Amino acid sequence: MRLKDKSLHVIVNFLLGVSWASMLVGAVTSFLSFYEETFFFALVSAFIAALPGLVGILAIEHFINSKEKLYELQKQTKILEDAFKNK
């Protein structure tokens, strides 16, 4: 992954995996539970059951992107400080 801190890297990967599993299990179990009724109702219920997992995935990806942005801004700040020190 893209995180520098190894302990944070492990935790974020674990939580991302849990979110994906939650989304998949929720969607599949809900779909199979309501498949007997109608196909459309099964699809809608699968989508609704997958939403918490999808929200978790989006939140974790947002966290990862924010950390990447922070690392990049820190590198740019260091480069700018070095450039102004040399003038």
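Because only heavy atoms are used, hydrogens play no part in the values below, and waters and symmetry mates are left out as well, while side chains stay in. Fair warning: this is a prediction, and the values are worked out from it, not measured in the lab.
Minimum interatomic distance between G53 and S22 (heavy atoms only, all atoms of both residues): CA-OG, 4.2 Å. Here the closest heavy-atom approach between residue S45 and residue F34 is recorded as OG-CD1, 3.3 Å. Between A27 and A46, the shortest heavy-atom distance links the atoms O-CB, 3.4 Å.
Cluster membership check: I79 does not share its hydrophobic cluster with Y71, using side-chain heavy-atom separations under 4.5 Å among Ile, Leu, Val, Met, Phe, Trp and Tyr. Connection of I60 to V18 is established within a shared hydrophobic cluster, with ILVMFWY side chains joined at heavy-atom distances below 4.5 Å, either directly or through further cluster members. Residues F14 and L54 fall within the same hydrophobic cluster, defined by Ile, Leu, Val, Met, Phe, Trp and Tyr side chains chained together at heavy-atom separations under 4.5 Å. A chain of hydrophobic side-chain contacts below 4.5 Å, direct or via other Ile, Leu, Val, Met, Phe, Trp or Tyr residues, connects W20 to I11. L24 and L32 fall within a single hydrophobic cluster, where Ile, Leu, Val, Met, Phe, Trp and Tyr side chains are chained together by heavy-atom contacts under 4.5 Å.
A distance of 6.0 Å separates NZ of K85 from CG of D82, quoted to the nearest 0.5 Å. In this structure, CG in L43 is found 9.5 Å from OH in Y35, a value given to the nearest 0.5 Å. How far CG of N13 is from NE2 of H9: 4.5 Å, rounded to the nearest 0.5 Å. Rounding to the nearest 0.5 Å gives a distance of 12.5 Å between CG of L70 and CG of N65.
At a threshold of 4.0 Å, the pair K75-E72 counts as salt-bridged, since one of the basic side-chain nitrogens sits closer than that to a carboxylate oxygen.
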Hey, mind stepping through H62 and S66 against side-chain contact (heavy atoms from CB on, under 4.5 Å) and telling me if it holds?
-> CA-CA 6 Å; H62 176 70; S66 297; 3.7 Å; yes

Show your working on side-chain contact (heavy atoms from CB on, under 4.5 Å) between K67 and V12 and close with a plain yes or no.
-> CA-CA 12 Å; K67 291 296 271 187; V12 168; over 6 Å; no

What do the steps show when you test L8 against F63 for side-chain contact (heavy atoms from CB on, under 4.5 Å), and what is the final call?
-> CA-CA 11 Å; L8 185 61; F63 173 76; 4.1 Å; yes

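With hydrogens and angles disregarded, a donor-acceptor distance shorter than 3.5 Å links the side chain of S33 to the backbone of T29.
Remark: aromatic rings of F47 and F31 are distant, center separation not under 6.0 Å.
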